[in-house]
Amino acid sequence: MGKNKRLFDVFVPEHYDIFLDVNREHKTISGVSTITGEAKANQIQLNQKYLTVEDVTVDGKKVEFNYNDKDELITISSDKIGKIKLVVTYNAKLTDTMMGIYPSYYEVDGVKKQLVGTQFETTFARQAFPCVDEPEAKATFNLAVKYDEKDGETIISNEQEFKCENGIHYFKETVRMSTYLVAFVFGDMQKKLTKTKSGVEIGVFATKAHKANELDFALDIAKRSIEFYEDFYGTPYPLEHSYQVALPDFSAGAMENWGCVTYREAYLLVDPDNTSLDIKQLVATVIAHELAHQWFGDLVTMKWWDNLWLNESFANMMEYVAVDALEPSWKIWETFQTMETAAALRRDATDGVQSVHIMVNDPAEIDSIFDSAIVYAKGARLLVMVRALLGDDALRQGLKNYFAEYKYGNAQGQDLWEYLGQASGLNIGDIMDSWLEQPGYPVVRAGIEDGNLVLSQKQFFIGTGEDQGRLWQIPLNSNYLQVPKIMKDEKMIIGNYEELRAKNGVAFRLNVGNNSHFIVKYDQQLLDDILSEMDHLNNIDKLQLLQDLGLLAESQEISYADVLPLLVKEAESTSNIVNSKLYGTLAKIKIFATPDSAEEAAIKQFSKKLSESNAERLGVEPHAEESIDDNLTRPLILSASLYGDNPVIIAKLHELYLANTDKLADLNSDIRYFVLLNEIKNFENKDLFNTLFEKYAKEVDQNYKRDICLALTSVKNPDLLQLLIDKFKDASVIKPQDLLRWVAGILRNNHGQQKAWDWMRQEWPWLDKTVGGDMSFTSYISVVASTFDTPERLAEFKEFFDPKINVSGLTREIKMDTLVIENKVALIAKDKVAVNKAIKALLG
């Protein structure tokens, strides 16, 4: 598709009547797509992919047409311009790609079953019915579905079903919406329903392989989320219902189909009797994210995919706003700091990264822009910055007016800034353009020159990067009132430092609260002043200090050896976010030791030393009276203790295993993984390995499946590792949606890395065919880069991926991940001696 060429420019759909006849047994689809719209030329085009088109009529007359899958188009000749009615009759196949209309597979009491659902984002509606498959081509839809129905089965869609005749289920006409939001699911499902204060029916649907009470948590969060958003946005939810559906096979995490939201089972269903707090937080934020989309993305949709951030960045911020309102005791904004902020800062520092707002035209490239660390995490962080500048009153008023203006239509970023600017009196667009249109972010250097406090900004890179002189409008958020709110220039002089220090009485700091998207490099005098007051800093301040110093170390601006003493200083912290950053930094320094070397033994001893105090304080098992911080910190401490071969923790976990050998699934989910990992790694329990692997395929609890996977992929025995790898292509054991976790687990295992890398290179064509259409496909490249750190591995990576560098959708990832490995190789060469010397000194 040529640049800026849109089918919508030539044919504007107004309404679709879609009939689908789906046969699960034969994996076939027969369809008729009737489209009313306005033709602006004698030749018009519709999107299609993998359809066999039998017949096309325009206003009842057969017309000539041709179609092909390469261009994903049907070209139709018509002698009429203006209002027309197109009817396309076609056939298609149900596939196992998890795109378009596809089956999910599961078992109940040993009986194999299927749940058929849809995934149309980004450009997969065209695999289900001919259409103008573009976000701006909004229309109304009447859906009629027939399928090989069995007793007790259910079908749901965007709107309510209003009749069923001759086995055909008819659904009410939808509001105006984009094609990628059309959805339906049918099969043998259980459900739970409730209603919001405003009368919206909330439902949760899942297969009957799950316990009924696993639907309760999602039902509660969904109900309260809809109620929260109606109030916060000042805009009613526009549909009769909001159904949340768990699909056994699902390529994405979740999808915001209007009124019929689909999820991976792991992101919707919660066992109320045994689910860890971090998983409950994850599920709650995913649900809140998708329901934020019902306004941001569904009610008002981006005009084109370049404004994807309008959907995703806002939903990513709003999930935290909502969950913080629903469950304030969770302190969910701390999770934002440890997850979203960390991901954004790391990814955005690699040269070649995309900007938040990025133009795409080729359908093959659209999926590649769904960079979770940029469009989701960075975009959300930028909007947190906007929220801080505006305040909630102006934000809510601006959003209310924005929804009123563009509801059932499309918008661009500037449209949003206009309404937020009107509500706040601030020129938000000017400030945000520098952040949205440019990749990367700045490091602000703070130093004393000729007695003056001086600030300067420059783009920050981890590794090599081409400095293009980019500047940002930076909300500085200083603790000194004399510092301007916004820094626009490359350099600014604040004033005499001694006078400023005396007036303020505390060490000078920037980005207080860690909400603005930049890091700070203080000169030694300013840094020493901050460190002298470290005991008085709050937990986010401490996290930020470790965060910025860690990034500066990765970029080789300072040495990791200078960061390590801070880890010792904070080793007894009871704050989850401080410990999260502390042990995240510890994980980074593992690259400075060759496996099974004396250096690795020292790092392990250092890990044991850092974690001993908290390990003794917390114990191995959670208890009801402990704080949320302690609950979330324990997994960090157990992980560090096991890496450090702490004999006390190893023995206690082994005792727990011996006491629960016949009921491992019932172990507390906060620590179950560590019990299994300890047995597999430290006791080489082959019987347990075989039991767990056999259990994995039949287990329906997704969290337990995750624990099993992470434990098994840590095994040292080469024969057992090969047994796992031999099952990678067996979907009856490892579903394609879960394969990345298994591959990543063995790649990170020093005893299995070579085997996993060999398999990936050999089976790349199969991987491409099986999961290549998935928007997370590039993660198979990035997970390799995350584990490679030697010159030899770098050469192998380049040898394999360089020939693929021009494959649409892979180019940016391959280039960036090559830089990621190159940087680690250079960092090790530069810093290894100093780091290992520092560790030896700290061990005493």
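Under the 4.5 Å side-chain criterion, counting only non-hydrogen atoms from C-beta, Leu632 is in contact with Gln281. Counting only heavy atoms from C-beta outward, the side chains of Asp220 and Leu326 never approach each other to under 4.5 Å. Put simply, the side chain of Phe689 reaches to within 4.5 Å of the side chain of Ile680, judged on heavy atoms.
Under a 3.5 Å cut-off, the side chain of Tyr673 and the backbone N or O of Ala711 do not form any donor-acceptor pair. One N or O on the side chain of Asn274 and one on the backbone of Ser669 form a donor-acceptor pair closer than 3.5 Å.
Nearest heavy-atom pair across Ala640 and Tyr583 is CB-CE2, 3.5 Å.
Residues passing the side chain to side chain contact (heavy atoms under 4.5 Å, CB included) test with Asp670 are Ser276, Pro622, Asn631, Asn668, sequence neighbours excluded.
Side-chain contact of Asn690 with Glu694: a donor-acceptor pair under 3.5 Å is absent, judged by distance alone. In this structure, a donor-acceptor pair under 3.5 Å is present between the side chains of Asp348 and His517. Checked by atom type, the side-chain pair Glu334/Asn576 shows no donor-acceptor distance below 3.5 Å. When only modelled atom types and interatomic distance are considered, Gln337 and Arg381 share no side-chain donor-acceptor pair under 3.5 Å.
When each of Ile746, Asp758, Val743 is paired with Ile725, the side-chain contact (heavy atoms from CB on, under 4.5 Å) condition holds for Ile746 and for no other.
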With a cut-off of 3.5 Å and sequence neighbours excluded, list every side-chain donor-acceptor pair involving residues 830-844.
{"from": "Asp831", "atom 1": "OD1", "to": "Ser559", "atom 2": "OG", "distance (Å)": "2.7"}
{"from": "Asp831", "atom 1": "OD2", "to": "Ser559", "atom 2": "OG", "distance (Å)": "3.4"}
{"from": "Asp831", "atom 1": "OD2", "to": "Tyr560", "atom 2": "N", "distance (Å)": "2.9"}
{"from": "Asn836", "atom 1": "ND2", "to": "Phe592", "atom 2": "O", "distance (Å)": "3.1"}
{"from": "Asn836", "atom 1": "ND2", "to": "Lys832", "atom 2": "O", "distance (Å)": "3.0"}

Please output the side-chain donor-acceptor pairs of residues 584-591 that fall under 3.5 Å, not counting sequence neighbours, one pair per line with the distance.
{"from": "Thr585", "atom 1": "OG1", "to": "Lys581", "atom 2": "O", "distance (Å)": "2.8"}

